[in-house]
Amino acid sequence: MVMHLRLHAPDWIARGAKCIKFEPRRDCDPWFTPADEQDCVDICNGTWDGVVCPTRDKCLEYAAVNNESDGVWGGKTPEERHAMRQEVKHRYRLRPDLAPRSEWQWPTLN
């Protein structure tokens with residue numbers, strides 16, 4: 001089975017993503033290294049230099065819709081994104097009149 005992205009990644013360079021300035025090394029990608037997690041969150045959220053990453057919201061949306069389970073995305077750790085997903089599930093369970101976005105559902109297999 002081939003998995004397809006539900007939402008394509010924004011053009012990080014054209015939108016000025018701050019993470020583009022930090023080249024991953026062969027042995028380490030800071031955005032996917034738990035030891036560097038807080039530094040990456042600070043860079044995304046502007047705590048590091050006072051400037052919030054201009055792609056932060058789109059990055060978080062991309063990670064949420066595509067169910068990214070690892071790394072820092074949109075200034076959120078994997079645990080924070082997991083908590084957000086649980087909150088959304090809880091909210092929709094309590095409000096049956098709300099329909100989840102189509103990107104949040106598994107495609108029907110023929």
Side-chain angles (χ1 to χ4, degrees):
M1 175 168 60
V2 176
M3 298 295 291
H4 296 282
L5 294 176
R6 297 178 192 143
L7 181 69
H8 293 286
D11 184 357
W12 308 111
I13 296 172
R15 293 180 182 249
K18 291 168 68 174
C19 59
I20 293 297
K21 298 174 187 170
F22 299 87
E23 292 279 331
R25 297 185 316 266
R26 181 173 220 162
D27 62 332
C28 173
D29 182 341
W31 265 257
F32 291 91
T33 305
D36 296 327
E37 203 168 71
Q38 189 56 52
D39 290 338
C40 294
V41 167
D42 290 345
I43 290 168
C44 295
N45 292 326
T47 309
W48 182 60
D49 62 355
V51 179
V52 173
C53 179
T55 63
R56 183 181 68 173
D57 293 341
K58 284 291 183 189
C59 181
L60 182 57
E61 179 185 21
Y62 170 82
V65 169
N66 289 303
N67 203 22
E68 287 287 348
S69 60
D70 297 311
V72 173
W73 293 87
K76 301 283 186 189
T77 65
E79 293 79 18
E80 291 169 326
R81 290 194 313 278
H82 177 75
M84 287 173 52
R85 283 192 296 275
Q86 295 306 312
E87 174 60 29
V88 168
K89 285 180 185 178
H90 179 71
R91 188 177 322 146
Y92 282 111
R93 188 171 45 247
L94 294 178
R95 298 269 322 267
D97 58 313
L98 293 177
R101 291 177 44 182
S102 61
E103 302 92 52
W104 295 349
Q105 299 176 19
W106 286 98
T108 312
L109 299 176
N110 296 344

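We use all heavy atoms of the structure for the numbers below, so side chains are in, but hydrogens, waters and symmetry mates are not.
Note: D42 CG to E37 CD = 11.0 Å, rounded to the nearest 0.5 Å.
Shown here for F32 and G71, the closest heavy-atom pair between the two residues is CD2-CA, 3.5 Å. In terms of heavy-atom proximity, P78 sits nearest to S69 at CB-O, 3.4 Å. Counting all heavy atoms, side chain and backbone alike, R81 lies closest to K76 at NH1-O, 2.9 Å.
Between the side chain of R56 and the backbone N or O of G75, no donor-acceptor pair lies under 3.5 Å.
Here the rule is side chain to side chain contact (heavy atoms under 4.5 Å, CB included) with C44, and of L60, V72, D39 only V72 fits it.
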Distance-only check: which donor-acceptor pairs under 3.5 Å involve side-chain atoms of residues 46-55, not counting sequence neighbours?
residue, atom, partner, partner atom, Å
D49, OD1, K18, NZ, 2.8
D49, OD1, V51, N, 3.0
D49, OD2, K18, NZ, 3.3

Please list, one pair per line, the donor and acceptor atoms closer than 3.5 Å that link side chains of residues 19-29 to other protein atoms, with sequence neighbours excluded.
residue, atom, partner, partner atom, Å
R25, NE, D27, OD1, 3.3
D29, OD1, W31, N, 3.2

ask   = After noting the C-alpha distance and the side-chain angles of Q38 and T77, does the key distance pass the side-chain contact (heavy atoms from CB on, under 4.5 Å) rule?
value = CA-CA 8 Å; Q38 189 56 52; T77 65; 5.7 Å; no
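A continuous path of ILVMFWY side-chain contacts below 4.5 Å connects V41 to W73, so both sit in one hydrophobic cluster.
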